[in-house]
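What follows is one structure encoded as C-alpha cells, with my remarks underneath.
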Amino acid sequence: NLNNQLSTCTGISNDGKWIANVVENIVQYQSLKEHEKAAKTFLQVKEKLKLTGNFKQVEALASQVSLSMKDQALQVIDESLVGVGQFFKSFMTGQHREKLLCLETFITCQDVVKWLREVTKDVVDVQSFVNVSLTTSAGEGDLANDKLSTLSIVGTGYRSLIYELKLDASFETLSKGCTTIWKALEANPKLPKLLEDCNRELEWYKSVKATQGRVEVTSFELMRNILQYGRFTIESRQGCNDIHDAIRVDLDDKKVAKKNFTLDELRDLESKLVLITGSKTE
C-alpha cells in the first residue's frame with residue numbers, strides 16, 4: 001500500500017505519523033484535482049458579476065491543483081483549502097454536470113442577463129413584464145406565450161445570480177445563493193437550455209418591451225398591488241348614503257406610494273385594463 005511504498009522510498013519506517021500525514025495529503029490532493037473545473041467555473045461567475053468578496057481559497061484551489069505534484073509542495077493543502085474542497089465534493093454529487101452547465105450557460109448568456117437587470121429590478125418585475133406582454137399580446141399566439149413563459153422560468157430560476165447577489169459577495173455567499181438554482185434545476189432540468197433560448201430571443205424581448213406604454217405597465221402594477229396587498233372595506237358611516245363613499249381599498253404595503261382607493265378610482269383602473277386587454281377584467 002501507499003504507506004509501505006513511502007516508507008521504502010524515503011527510508012523512514014519509524015515515523016508512522018509523518019507517513020500517515022503525507023498519505024492523507026496525497027489523497028486530499030487527488031480529491032481536490034477532481035474539483036478543479038468546478039472551482040474555475042465559480043471564478044468565472046465571480047468575474048462576470050464583478051464580485052469583490054473573498055474568493056481566496058477557491059482561487060488557491062483552482063491554481064494549486066492545476067500544478068503537477070512535482071511542482072507543488074503538499075504543505076499547501078491546509079484545512080481551509082480542504083474545507084473548500086469539501087464544498088465541491090458535495091457540489092459534485094447528484095446532478096453535478098447539470099449544475100456546472102447551469103453556471104457555464106449563465107456565463108455565456110450575459111446579454112440577456114444584463115438586459116434583465118436594466119429593465120427589471122426583481123422577479124416580481126419580470127412577472128409583471130410577462131403578464132403585461134401576455135395580456136396585451138405580442139401578435140405571435142402560442143409562440144409568443146412560450147417565449148414569455150420561458151423568460152419567467154429563467155428569471156425565477158436564476159434570480160439569485162441576476163438580482164440578489166451584492167457586489168461584495170464572497171464565495172460562501174455565492175455558493176449559498178446557488179442552492180436556489182439547484183432547486184430550480186431539479187424542478188426543470190431544461191433550465192440551462194431555457195436560458196440559452198432567452199439569450200437567442202433577446203431582440204424579440206426588447207421589441208415587446210418597447211411596445212409597452214407607461215399606462216399599461218403602471219395599470220398592471222397597480223392591479224397586482226391591490227390583489228396582493230389590498231384590504232377591501234365596506235362600511236356604513238353616519239350621514240353617508242352614497243355607495244361610492246362606503247367602498248374603498250387600503251393597501252398595507254409600505255413600498256406602495258398610494259395607499260387608498262375609492263370605488264370610482266377602482267372603476268377607472270378597470271376601464272384602463274379593459275382598454276389594454278380588450279376584454280372585461282375580474
By side chain to side chain contact (heavy atoms under 4.5 Å, CB included) - contacts of Ser149 (at least two apart): none

Is Arg159 close to Asp122 at the side-chain level, that is, under 4.5 Å between some pair of heavy atoms? no

After noting the C-alpha distance and the side-chain angles of Thr120 and Trp115, does the key distance pass the side chain to side chain contact (heavy atoms under 4.5 Å, CB included) rule? CA-CA 8 Å; Thr120 60; Trp115 177 76; over 6 Å; no

Quick one: does any side-chain atom of Tyr158 pair with a main-chain N or O of Cys102 as donor and acceptor, under 3.5 Å? yes

Rounded to the nearest 0.5 Å, what separates atom OG1 in Thr150 from atom CG in Leu195? 10.5 Å

Partners meeting side chain to side chain contact (heavy atoms under 4.5 Å, CB included) with Asn188 (sequence neighbours left out): Ile153, Lys190, Leu194

With a cut-off of 6.0 Å (strictly less than), are more than 12 heavy atoms of other residues, nucleotides or ligands near CD of Glu186? no

For Arg117, give me all partners under salt bridge (charged side-chain N to carboxylate O under 4.0 Å, His left out), at least two apart in sequence or on another chain. none

Distance-only, no hydrogens or angles: does the Tyr205 side chain make a donor-acceptor pair with backbone N or O of Lys147 under 3.5 Å? yes

Considering only NZ, NE, NH1 and NH2 on the basic side and carboxylate oxygens on the acidic side, decide whether Arg200 and Glu196 come within less than 4.0 Å. no

If we check side-chain contact (heavy atoms from CB on, under 4.5 Å) with Phe129, which of these qualifies: Val119, Leu148, Leu116? Leu148

Full working for side chain to side chain contact (heavy atoms under 4.5 Å, CB included) between Ser160 and Leu165: CA-CA 6 Å; Ser160 61; Leu165 279 182; 5.6 Å; no

Output a table of donor-acceptor pairs, distance under 3.5 Å, between side-chain atoms of residues 43-54 and any protein atom two or more places apart or on a different chain; print 'none' if there are none.
unit_1	atom_1	unit_2	atom_2	d
Thr52	OG1	Leu167	O	3.1
Asn54	OD1	Lys56	N	2.9

Hey, can you pull the donor-acceptor pairs under 3.5 Å for the side chains in residues 104-112, sequence neighbours left out?
unit_1	atom_1	unit_2	atom_2	d
Thr105	OG1	Leu101	O	2.7
Thr108	OG1	Glu104	O	3.3
Thr108	OG1	Thr105	O	3.1
Gln110	NE2	Phe106	O	2.8

What's the separation between atom CZ in Phe55 and atom CD in Glu172, rounded to the nearest 0.5 Å? 10.5 Å

Between Gly155 and Tyr163, what is the shortest heavy-atom contact and its length? O-CE1, 4.2 Å

The criterion is salt bridge (charged side-chain N to carboxylate O under 4.0 Å, His left out); which residues satisfy it with Lys121, sequence neighbours excluded? Asp125

Minimum heavy-atom distance Val58-Ala39, with the two atoms named: CG1-O, 3.7 Å

If you take all heavy atoms of Leu103 and Phe42, which pair is closest and at what distance? CD1-CE1, 3.7 Å

For Ser152, does its backbone N or O pair with a side-chain atom of Thr156 as donor and acceptor, under 3.5 Å? yes

